[in-house]
Q: 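Structure in structure tokens, see below.
Only heavy atoms go into these numbers, but all of them, side chains included; no hydrogens, no water, no symmetry mates.
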Amino acid sequence: MPYYSDELIEEVRSANDIVDVISGYVRLQKKGSSYAGLCPFHNEKTGSFHVSQNKQLYHCFGCGVGGNVFTFLMEYENYSFKEAVEALADRAGINLPKQEISEQAKRESDYRSKLFEVNREAGRYYYMLLRSSHGTHALDYFRKRELTDETMKKFGLGYSDKYSDDLYRYLKSKGYGDKLLADSGLITIDEKRGAHDKFWNRAMFPIMNVHNKIIGFGGRVMGEGEPKYLNSPETQIFEKSRNLYGLNLARQSRRPQMLLCEGYMDVIALHQAGFDNAVASLGTAFTSGHAGLLRRYTKEVYLTFDSDGAGIKAALRAIPILKEAGITAKVINMKPYKDPDEFIKGMGADAYQDRIDQAENSFMFEIRILEQNYNMDDPQGKTAFYNEAARKLLEFSEEIERNNYIEAVAAKYQVGFENLRRLVDRVSTQTGMVKRPQSLRSGIQKKENRKEDGVKKSQKLLLTWLSEEPSLYPVIRAYITPEDFSDKICRLAAEELFAQLEEGKVNLAQIPGHFEDMEEQREIVSAFHETIMEVKTPKERGQALKDTILKLKEKHIQMLSANQDPDGIQERFQQMLQEKKMVEALRKKEFTLELPE
């Protein structure tokens, strides 16, 4: 429940334009009346994430997430509602009063703090163990990796003891309960083994969020054992796709770019060598969530992945994700060494800086790797390569940019600019260009591959239409009330919207806040984001609106007829007769609605 008055919450919300806020996390481009980009909550190649400045709402047509500016911070930053309000108030320079909160609300608010506290306590314990007689072999391991005491302290490196319940017994002695310890991801509790540590006999790497709070750990096994590297499971405070190792330090760097590595030791070695802008993903593939996080701090990322086949594949996966996020990517050549850690030890920081200065354009890297799939000594193989390169060049939608890359590829492979440009044009003609969806305007559009019930879709369409054009309310109100919405969520959305329209002031961003359940909030937002299509004439537009109203009325009549409850049967019968007459009159009526500007 909110801890501040509705008026103050609305003041904070209205002071933070949703497009401005989300633009700090997601690269948005103007698309018709809204903004679109890649969804930060799931992996996708085509942007289905939309932000409406008029509605002050966001909605993903791919995974279904949606809400207002508070919801976004709660989803993305894993904030509580109170934390989201406070963060946005601070952003807008609004002073919030200190308030007493209920015991239940305080317990809910404190639980996340307890999880941070448990992780901090574990981090201190691991840190102490590394420097005790128990951690000698782990300390030797770090020193063999040429880490200084200062670096080990900076990254809070530690050791988990060889006893499988060591941390559990320590944390229990500090008064923490089993449920909290299990929820922290540090302790596993099961019937067979009882309580045991997630990490034991491992060199420990604390993982911190951008606010320097420990949210999880990585551990490297000492001696034999599998897996070699182990990470904390995801918890209420730890999401792998929304955090990067070392970002709490790298975000303070004065260097203009970020160095993206594959492992913890690479990050640590680079920081120790003076490259304080190095980060790594947390034992998972690089995602659009990671790219969105990086975009908050830089516009340029240098990939410094392993030089082996797996590292090359990882780079090829990361490049398009970075590009879609609006980040320029370059690739650093690690050869003859495998990774940055080995390179720094073998050739030193100055040589690594030279490699940064000589980093390869990411597209030219992709072309070079593509070339390896073809026999360039064979005319047929060479021709096949040029055709595939032409297809890749078509990824550039802007003609000037495409021509610049055609020129670069032509120069590198000595094929002549005009020859390659003609090949690109020919491939474009043969394969066809991808057609972009047209700008949306009011009307009905049948969306392919949508399994949703047709009546529910009509209800959502009417709500979307009404939210975008409140001036249609007098026309719609003559036939439709919230009772006509058979779908529960649509009916709730209609009740809120109709109430606002009656008062003459539409504020869609307020509506999700009336529902505590996050899933209900998403469905409410979805109800205001049905896909609508372009119509050509006022008459077609009027017919589309009439058809939509008729669908809702006919469904409501069916529901009245199917209701066999003896209570109120006479009233329902009279209502059904009235609505049937309304429908017959509506069928004969012709709407002509002017197209919106």
Q: Please determine whether a side-chain nitrogen of the Lys or Arg among Glu360 and Arg368 lies less than 4.0 Å from a carboxylate oxygen of the Asp or Glu.
A: yes
Q: Between Phe217 and Arg202, is any pair of side-chain heavy atoms under 4.5 Å apart?
A: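 When only atoms from C-beta onward are counted, Arg202 and Phe217 do not touch, as no gap falls below 4.5 Å.
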Q: Provide the closest heavy-atom pair for Asp17 versus Gln56 in the form atom of the first, atom of the second, distance.
A: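 Result for this residue pair: OD1-NE2, 2.9 Å.
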Q: Hey, does Lys172 have a side-chain heavy atom less than 4.5 Å from the side chain of Asp178?
A: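 In short, these two side chains touch, coming nearer than 4.5 Å.
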Q: Give a yes/no verdict on a cation-pi contact between Lys323 and Phe396, requiring under 6.0 Å between NZ or CZ and the six-membered ring centre and an angle within 45° of the axis.
A: yes
Q: How about Asp165 and His196: does a side-chain donor come under 3.5 Å of a side-chain acceptor?
A: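 Result is no, nothing qualifies.
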Q: Does Tyr405 reach the side chain of Ile367, with side-chain heavy atoms less than 4.5 Å apart?
A: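 Not in contact.
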Q: Just checking, any donor-acceptor pair under 3.5 angstrom between side chains of Asp197 and Tyr170?
A: no
Q: Any carboxylate oxygen within less than 4.0 angstrom of a Lys/Arg side-chain nitrogen, looking at Glu398 and Arg402?
A: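 Here Glu398 does not pair with Arg402 in a salt bridge, since their nearest N and O are not under 4.0 Å apart.
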Q: Could you check whether any side-chain heavy atom of Met152 comes within less than 4.5 Å of a side-chain heavy atom of Arg131, counting everything from C-beta outward?
A: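 Yes, side chains in contact.
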Q: May I ask you to check whether Asn209 and Asn243 show a side-chain donor-acceptor distance below 3.5 Å?
A: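 Side chains of Asn209 and Asn243: no pair found under 3.5 Å.
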Q: Shortest non-hydrogen contact from Tyr126 to Leu167?
A: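 Minimum heavy-atom separation between Tyr126 and Leu167: OH-CD2, 3.0 Å.
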Q: Enter the distance from Leu88:CG to Phe70:CZ here, rounded to the nearest 0.5 Å.
A: 6.0 Å
Q: I would like to know whether Lys392 and Glu366 meet salt bridge (charged side-chain N to carboxylate O under 4.0 Å, His left out); could you show each step before the answer?
A: CA-CA 9 Å; Lys392 278 204 69 64; Glu366 290 179 297; 3.8 Å; yes
Q: Could you point out which residue of Leu96, Val69, Asp90 forms a side chain to side chain contact (heavy atoms under 4.5 Å, CB included) with Val12?
A: Leu96
Q: Under a 4.5 Å cut-off applied to non-hydrogen side-chain atoms, are Met347 and Asp354 in contact?
A: no
Q: Do Asn277 and Tyr302 meet the criterion of a side-chain donor-acceptor pair at a distance under 3.5 Å?
A: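 Distance-only check fails for Asn277 and Tyr302.
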Q: For Ile327, which of Ile321, Ile319, Leu322 qualifies under side chain to side chain contact (heavy atoms under 4.5 Å, CB included)?
A: Leu322
Q: Quick check: closest heavy atoms across Lys338 and Asp308, and the distance to 0.1 Å?
A: CE-OD2, 3.7 Å
Q: Please evaluate residues Glu86 and Tyr79 with respect to the criterion side chain to side chain donor-acceptor pair (under 3.5 Å), reporting the C-alpha separation (whole Å), side-chain torsions for both, the decisive distance (0.1 Å), and the verdict.
A: CA-CA 10 Å; Glu86 290 170 350; Tyr79 284 164; over 6 Å; no
Q: Side-chain contact test, heavy atoms from C-beta onward, threshold under 4.5 Å: evaluate it for Met128 versus Tyr159 and give yes or no.
A: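 Answer no - side chains too far apart.
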Q: Verify whether the ring centers belonging to Tyr25 and Phe72 lie closer than 6.0 Å.
A: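 Centroid separation for Tyr25 and Phe72: below 6.0 Å.
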Q: Would you say Lys154 and Glu150 make side-chain contact, with heavy atoms under 4.5 Å?
A: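 No, every pair of side-chain atoms sits at 4.5 Å or beyond.
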Q: Nearest 0.5 Å, what's the OH-CZ distance between Tyr35 and Arg27?
A: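 The distance works out to 14.5 Å.
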Q: Whether Glu83 and Arg112 form a salt bridge (side-chain N of Lys/Arg under 4.0 Å from carboxylate O of Asp/Glu) is what I want to check.
A: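 Looking at Glu83 together with Arg112, the answer is yes, because their closest N to O distance falls below 4.0 Å.
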Q: Quick check: are there more than 12 heavy atoms from other residues, nucleotides or ligands sitting under 6.0 Å from CG of Asp190?
A: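 For Asp190, atom CG is crowded (more than 12 foreign heavy atoms under 6.0 Å).
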Q: State, to 0.1 Å, how close Ala122 and Leu186 come at their nearest heavy-atom pair, and which atoms those are.
A: CB-CD1, 3.6 Å
Q: Quick one: pull up CG in Leu282 and NE2 in His290 and give me the separation to the nearest 0.5 Å.
A: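 One gets 6.0 Å once the value is rounded to the nearest 0.5 Å.
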Q: Measure from the ring center of His50 to the ring center of Tyr58 and say whether it is less than 6.0 Å.
A: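 Between Tyr58 and His50, which both carry aromatic rings, the centre distance is not below 6.0 Å.
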Q: Taking only Lys NZ, Arg NE, NH1 and NH2, and the carboxylate oxygens of Asp or Glu, determine whether Lys345 and Asp341 approach each other closer than 4.0 Å.
A: yes
Q: Rounded to the nearest 0.5 Å, how far apart are OG1 of Thr304 and CE of Met334?
A: 3.5 Å
Q: Of all heavy-atom pairs between Pro97 and Leu8, which one has the smallest distance, and what is that distance?
A: CD-CD2, 3.4 Å
Q: Counting neighbours of CD on Gln358 that are heavy atoms of other residues, nucleotides or ligands and sit closer than 6.0 Å, is the number greater than 12?
A: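 Yes - once you tally the heavy atoms of other residues, nucleotides and ligands closer than 6.0 Å, there are more than 12.
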Q: Is a salt bridge present between Asp140 and Lys144, judged by a nitrogen-to-oxygen distance below 4.0 Å?
A: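 No.
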Q: What I want to find out is whether Asp276 reaches Arg254 closely enough, with some N-O distance under 4.0 Å, to be called a salt bridge.
A: no
Q: Quick check: closest heavy atoms across Ala509 and Leu57, and the distance to 0.1 Å?
A: CA-CD2, 3.8 Å
Q: Around atom NZ of Lys412, are there more than 12 heavy atoms from other residues, nucleotides or ligands closer than 6.0 Å?
A: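 Yes, NZ of Lys412 has more than 12 neighbouring heavy atoms, counting only those of other groups under 6.0 Å.
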Q: Mind checking whether Phe205 and Tyr245 have parallel, tilted or perpendicular rings, split at 30° and 60°?
A: perpendicular
Q: Nearest 0.5 Å please: distance from the CG atom of Leu293 over to the OG atom of Ser288.
A: 11.5 Å
Q: What I want to find out is whether Arg143 reaches Asp149 closely enough, with some N-O distance under 4.0 Å, to be called a salt bridge.
A: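 Looking at Asp149 together with Arg143, the answer is yes, because their closest N to O distance falls below 4.0 Å.
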Q: Below 4.0 angstrom, N of the basic side chain to O of the carboxylate: do Glu519 and Arg522 qualify?
A: yes
Q: Do Ser362 and Leu303 have side chains that approach each other closer than 4.5 Å (heavy atoms only, starting at C-beta)?
A: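 They are not in contact (no side-chain heavy atoms under 4.5 Å apart), so the answer is no.
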Q: Working to the nearest 0.5 angstrom, can you tell me the gap between His59 NE2 and Ser34 OG?
A: 11.0 Å
Q: Do Phe385 and Tyr413 have ring centres separated by under 6.0 Å?
A: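 Close enough - the centres of the two rings lie under 6.0 Å apart.
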Q: Under a plain distance cut-off of 3.5 Å, with no hydrogens placed, do Gln272 and Thr151 share a side-chain donor-acceptor pair?
A: yes
Q: Hey, are Thr71 and Asn68 close enough side-chain-wise for a donor-acceptor pair under 3.5 Å?
A: yes
Q: Can the ring centres of Tyr352 and Phe275 be said to be less than 6.0 Å apart?
A: yes
Q: Just by distance, with hydrogens left out, do Tyr163 and Asn201 show a side-chain donor and acceptor under 3.5 Å apart?
A: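 Asn201 and Tyr163 do not have a side-chain donor-acceptor pair below 3.5 Å.
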